[in-house]
Protein chains: 2
Amino acid sequence: MYNAHISADWTGSKENVHNARMKNDLHEALMDLVGVVNRPQPDQHLLKLAGVSLDRALFPLLVRVGLRGPIGVVELAELVGRDHSTVSRQVAKLESLGLVRRRAGDTDARVREAVVTPAGQAMVDAIGQARSRMYASVLAHWTEEEKATLTHLLRRLADDAKVWVKEEGGG
Amino acid sequence: MYNAHISADWTGSKENVHNARMKNDLHEALMDLVGVVNRPQPDQHLLKLAGVSLDRALFPLLVRVGLRGPIGVVELAELVGRDHSTVSRQVAKLESLGLVRRRAGDTDARVREAVVTPAGQAMVDAIGQARSRMYASVLAHWTEEEKATLTHLLRRLADDAKVWVKEEGGG
DNA sequence: GGATATATGTGCATTATACACGGATATCAC
DNA sequence: GTGATATCCGTGTATAATGCACATATATCC
């Protein structure tokens with residue numbers, strides 16, 4: 001239905017690869033979304049709703065540790081797109097706050113796998129609830145099929161993008 | 001087709017709003033994507049491909065000035081989710097580099113509307129080409145319908161999210 | 001066992017960022 | 001018109017975040 005009137009320029013095609021002015025509607029939408037996600041206000045807003053205080057930068061790390069279970073510094077750094085040294089300090093801060101705990105890896109003693117503590121999990125849960133209410137509000141007018149389709153395609157895009165980073169983006 | 005086997009928990013529903021452990025597949029995919037987009041390597045990679053050098057933080061600003069035409073500091077700050085003072089300094093830097101030019105607004109003398117210079121436009125174009133090749137590579141296996149559907153839904157999500165920010169997120 | 005690769009942490013300089021404030025302009029009430 | 005209020009922008013300042021270079025510990029390969 002919609003693709004009939006959408007004029008996305010998929011610039012791998014030969015017709016427009018030489019045209020300097022190119023539209024990429026997908027990229028524009030993605031950047032708009034990133035702008036919203038990156039702004040500090042929603043996090044702080046959610047934190048206030050959850051009744052807790054936490055540095056803005058520690059926020060995504062705590063959530064990801066809660067999500068990806070035991071995880072090391074390097075893998076975490078790749079997930080959030082920061083240098084491992086930065087993440088190392090931030091995880092240490094989370095540990096000193098009692099929100100994550102670290103233990104040596106079973107099979108690899110080099111990694112110090114981080115997991116959330118009960119206190120950290122409680123915070124992750126509280127944040128997750130507030131965030132879910134936000135999503136429910138944003139998606140109030142969406143049909144179940146639309147939400148499922150978007151989730152499916154976005155998941156695939158994220159996976160494909162990660163593959164690309166590994167193959168070409170990293171070096 | 002896909003929504004049959006997708007278990008997205010849309011936590012506005014009454015069944016699971018009281019469950020502390022909630023999955024939100026859409027959010028997870030989005031965060032993964034943000035992680036990829038936020039990492040510095042792709043930008044630097046694109047910049048090297050384009051043969052130019054530019055501070056990582058100035059990058060999204062230049063692109064957005066090129067995209068959103070004449071735009072003031074405050075509006076730009078809202079787009080990228082940073083404080084207006086931060087954006088003010090960065091736009092000044094872009095101006096000193098000769099990549100953007102500023103003029104007083106026609107109807108409002110308070111705003112100093114920024115537009116890209118020819119040099120800035122050339123850089124935006126070069127970056128756009130490299131980026132489009134990246135998208136083409138990432139989406140190589142996608143059908144046209146899938147790409148159009150994702151673009152459509154993502155655009156709508158971005159718009160709905162911005163409405164939400166205006167209504168509830170900003171205060 | 002030695003060479004190489006990876007995971008983590010730290011010293012350090014640089015940069016990015018936010019907050020608070022002030023000046024300039026616009027808008028509104030009257 | 002005049003004053004009150006709001007908005008846009010820039011700057012001073014302190015703080016936090018970040019990346020790089022380097023060191024250490026462990027793993028892996030031959």
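- Nearest-nucleotide assignment on DNA chain D puts the 5′-proximal partner with B:Ile71, out of B:Arg89 and B:Ile71.
- Distance A:Lys93 NZ to C:dG9 P: 14 Å, rounded to the nearest Å.
- A:Asp125 and A:Gln129 share no donor-acceptor pair across their side chains, judged by distance under 3.5 Å alone.
- If you check D:dT18, C:dT25, C:dA18 against the side chain of B:Arg82, the one that comes closest is C:dA18.
- Atoms CZ (A:Arg112) and C1' (C:dT10) sit 13 Å apart, rounded to a whole Å.
- Here C:dA5 presents its P atom at 17 Å from CG of A:Asp108, a figure rounded to the nearest Å.
- The CZ atom of A:Arg102 sits 17 Å away from the P atom of D:dA25 (whole-angstrom rounding).
- In terms of polar N and O atoms assigned as donor or acceptor, the side chain of B:Ser88 never comes within less than 3.5 Å of the base of D:dC8 in a complementary pairing.
- Look at CD on B:Glu113: it is 16 Å from P on C:dT25, rounded to the nearest Å.
- Contact annotation: side chain of A:Arg110 to base of C:dT8, donor-acceptor pair absent below 3.5 Å.
- Checking side-chain atoms of A:Glu75 against main-chain N and O of A:Gly72 turns up no donor-acceptor pair under 3.5 Å.
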Residue pair A:Arg64, A:Leu76: steps toward the side chain to side chain contact (heavy atoms under 4.5 Å, CB included) verdict: CA-CA 8 Å; A:Arg64 280 174 192 283; A:Leu76 202 49; 4.0 Å; yes
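- Evaluation of atom-type donor-acceptor distances gives no pair under 3.5 Å for the side chain of B:Ser85 against the base of D:dC9.
- For B:Gln90 and C:dT15, the shortest distance from a side-chain N or O to OP1 or OP2 is not below 4.0 Å.
- Of the two residues near DNA chain D, A:Asp83 and B:Glu75, the one whose nearest nucleotide lies more 5' is B:Glu75.
- In this structure, the NE2 atom of A:His84 is 10 Å from the C1' atom of D:dA21, given to the nearest Å.
- Contact record, B:Leu157 with A:Leu150: CD2-CD2, 3.8 Å, taken as the closest heavy-atom pair.
- Rounded to whole Å, the distance from CG on B:Asp106 to P on C:dA26 is 12 Å.
- In this structure, CZ in A:Arg102 is found 13.0 Å from OG1 in A:Thr117, a value given to the nearest 0.5 Å.
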